[in-house]
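Proteins come first, then strands; the chains are lettered A, B, ... in the order of their sequence lines, and each starts at number 1. Keep in mind that the numbers below use all heavy atoms, side chains included, and drop hydrogens, waters and symmetry copies. Everything numeric in this text was worked out from a predicted model, so none of it was measured.
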Number of protein chains: 2
Amino acid sequence: MTGTLTIAGLGPGDEALITPEVSAALAMATDIIGYAPYVSRVPPRAGLTLHPSDNRVELQRAGEALRLASEGRQVVVVSSGDPGVFAMASAVFEALEDMPQWHDLPIRVLPGVTAMLAAAASAGAPLGHDFCAINLSDNLKPWSLIEKRLRLAAEADFAIAVYNPRSASRPEGFARTLEILREAGCDERIVIFARAVSTPEQRIEMVELRDARPEMADMRTLVIVGNSATRRVGRWVYAPRQVR
Amino acid sequence: MTGTLTIAGLGPGDEALITPEVSAALAMATDIIGYAPYVSRVPPRAGLTLHPSDNRVELQRAGEALRLASEGRQVVVVSSGDPGVFAMASAVFEALEDMPQWHDLPIRVLPGVTAMLAAAASAGAPLGHDFCAINLSDNLKPWSLIEKRLRLAAEADFAIAVYNPRSASRPEGFARTLEILREAGCDERIVIFARAVSTPEQRIEMVELRDARPEMADMRTLVIVGNSATRRVGRWVYAPRQVR
């Protein structure tokens, strides 16, 4: 049997946000590969091998997935959210680049609901106008580039979705982010802290940037900084469609 | 019975990309409201009233949805893709702002797979690093702001997802966009033209920006301009995770 490699997004957490396309791929899989907390979202069954792995081993994991597919297995690499947004799809193509013998493997990328879309929906419509997404992890890029992008995003008046704002190993980056945005004149912008979106632990907080504190974000938080026109209506926050 | 208003995303076209959460909302609805081509994606059934409407009447449509919900109907406003990305959610909250008597209506926004995620998945992983999304329609914002954002996005080295690149009424904006990006030194960037993604008419084209022509985009195209590091592997294109 020909092996296949599917790179699938499980959405932000709620099973009702997993697309039928992804569910069908999981049902056909012989092997599930991914970061352990995501693999644990796939129910075990006969004939299915689960391969949970640690964080920060994306390339090894991608190589293992390609190898298993080349041996005829039906492999699904799982990410949370969308696999193409700060997740496993780029790592698989990077691993593939060094392995020309596998370039003809049947590979599919199945999109999913990425965290910023679920966070935005929980809060209203803060991404209803032009926006950007910036990953605050500086494991794979210099912090100076993150700072530059934050300044240019503020100047462009994009709403800003901040992925991975804070981790135990990087406590200072998000504090610095808030400083940079204050320096850029964003004090009055509305900031949304969306924690564990779509799970039972979901918690949504909204404050003006001047009142935002670094501790309001943790590893499970997605932060959205509104643009200069973003405003509240009732319990909601939204980006107006019209800008003059 | 208490009325409810649900603002739901139908994904880019393929039924297998509609989340179970949205399918459940459609199954419970008494009224479906939206732009006619999107309403036509919901199968008719007894007890369900379809309210298709024209393009560019978003605010009237939103007001109608709120009114029906206030009368006790189970209303679902449908958008393609995600309802919070250049779609109906912002219009509903804008209409709500003028109607304080409806601020306590039960409203939910249900996220969906927005076009750029499906387009990216079809091509590989061009959004695997920091990126932005810019709507090229200047119906609701000045063209000068679009130009400014394109320049800053190029300077920030974001991948750029271009929504609504071209319509019959705005043939020149996308041509100007390509010029701006050329002036910004993006000649060698990879551009993905993803037309009618996830439908039987899907067509994916990839060229270097220097070879991109305005006619390669139409109303059904989502354009992704890669960042400066974006590269090809086999038939795929991806943004490397690591940037120095």
Side-chain angles (χ1 to χ4, degrees), chain A residues 11 14-21 24 58 82-87 89-91 93-94 96-97 103-104 107 109-114 117-118 120-122 124-125 127-135 140-142 145 148-149 152-153 155-156 158 233-234 236 238-244, chain B residues 11 14-21 24 58 82-87 89-91 93-94 96-97 103-104 107 109-114 117-118 120-122 124-125 127-135 140-142 145 148-149 152-153 155-156 158 233-234 236 238-244:
Chain A
D14 185 347
E15 281 196 26
L17 294 177
I18 301 177
T19 67
E21 182 178 64
E58 289 82 4
D82 178 273
V85 175
F86 312 128
S90 279
F93 293 116
E94 190 178 330
L96 188 65
E97 201 160 350
H103 280 196
D104 291 328
I107 298 177
V109 184
L110 308 187
V113 173
T114 183
L117 299 184
S122 300
L127 302 179
H129 200 80
D130 302 336
F131 62 92
C132 66
I134 300 179
N135 186 343
L140 295 164
K141 62 188 168 190
L145 180 61
K148 179 182 174 183
R149 285 180 177 158
L152 291 167
E155 187 181 346
F158 284 129
V233 51
W236 303 99
Y238 80 103
R241 299 171 309 138
Q242 182 135 18
V243 172
R244 288 175 206 287
Chain B
D14 185 345
E15 281 196 25
L17 293 176
I18 302 177
T19 66
E21 183 179 64
E58 289 83 3
D82 179 274
V85 175
F86 311 129
S90 279
F93 292 116
E94 190 178 330
L96 189 65
E97 201 161 350
H103 280 197
D104 290 329
I107 297 178
V109 184
L110 307 187
V113 174
T114 184
L117 299 183
S122 299
L127 303 180
H129 199 81
D130 302 335
F131 62 92
C132 67
I134 299 179
N135 186 343
L140 294 164
K141 63 188 167 190
L145 180 61
K148 178 182 174 183
R149 285 180 176 156
L152 291 167
E155 187 181 346
F158 284 129
V233 50
W236 303 100
Y238 80 102
R241 299 171 309 138
Q242 182 135 17
V243 173
R244 286 173 208 286

Which bit of [X] comes within less than 4.5 Å of chain A, counting heavy atoms only: side chain, backbone, both or neither?
X: B/L145; result: side chain
X: B/A120; result: neither
X: B/A91; result: both
X: B/D82; result: side chain

Which one of A/V109, A/L110, A/L140 has the most heavy-atom pairs closer than 4.5 Å to chain B?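 The option with the most such pairs is A/L140.
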Picking from A/A89, A/P142, A/G234, which has the most non-hydrogen pairs under 4.5 angstrom with chain B?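 Counting heavy-atom pairs under 4.5 Å, the top option is A/P142.
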What distance do [X] atom [atom1] and [Y] atom [atom2] have between them, rounded to the nearest 0.5 Å?
X: A/L152; Y: B/R149; atom1: CG; atom2: CZ; value: 13.5 Å
X: B/L117; Y: A/L117; atom1: CG; atom2: CG; value: 6.0 Å
X: B/I134; Y: A/H129; atom1: CD1; atom2: NE2; value: 9.5 Å
X: A/L96; Y: B/W236; atom1: CG; atom2: CH2; value: 9.5 Å

If we ignore hydrogens and angles and just use 3.5 Å, is the side chain of A/N135 paired with the main-chain N or O of B/D130 as donor and acceptor?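 Pair absent, no side-chain N/O of A/N135 close to backbone of B/D130.
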Max heavy-atom pair count under 4.5 Å with chain A, selected residue of [options]:
options: B/H103, B/R241, B/K148, B/E155; result: B/R241
options: B/D104, B/I107, B/I18; result: B/I107
options: B/F158, B/F86, B/Y238; result: B/Y238

On a heavy-atom basis, which atom in [X] and which in [Y] lie closest, and how many Å separate them?
X: A/A118; Y: B/P111; value: CA-CG, 4.0 Å
X: B/L17; Y: A/E21; value: CD2-OE1, 3.2 Å
X: B/S90; Y: A/A239; value: OG-O, 2.8 Å
X: B/P20; Y: A/P20; value: CD-CD, 4.3 Å

If we only count heavy atoms from C-beta on, is the B/Q242 to A/E94 side-chain gap below 4.5 Å?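 Side-chain contact under 4.5 Å: no.
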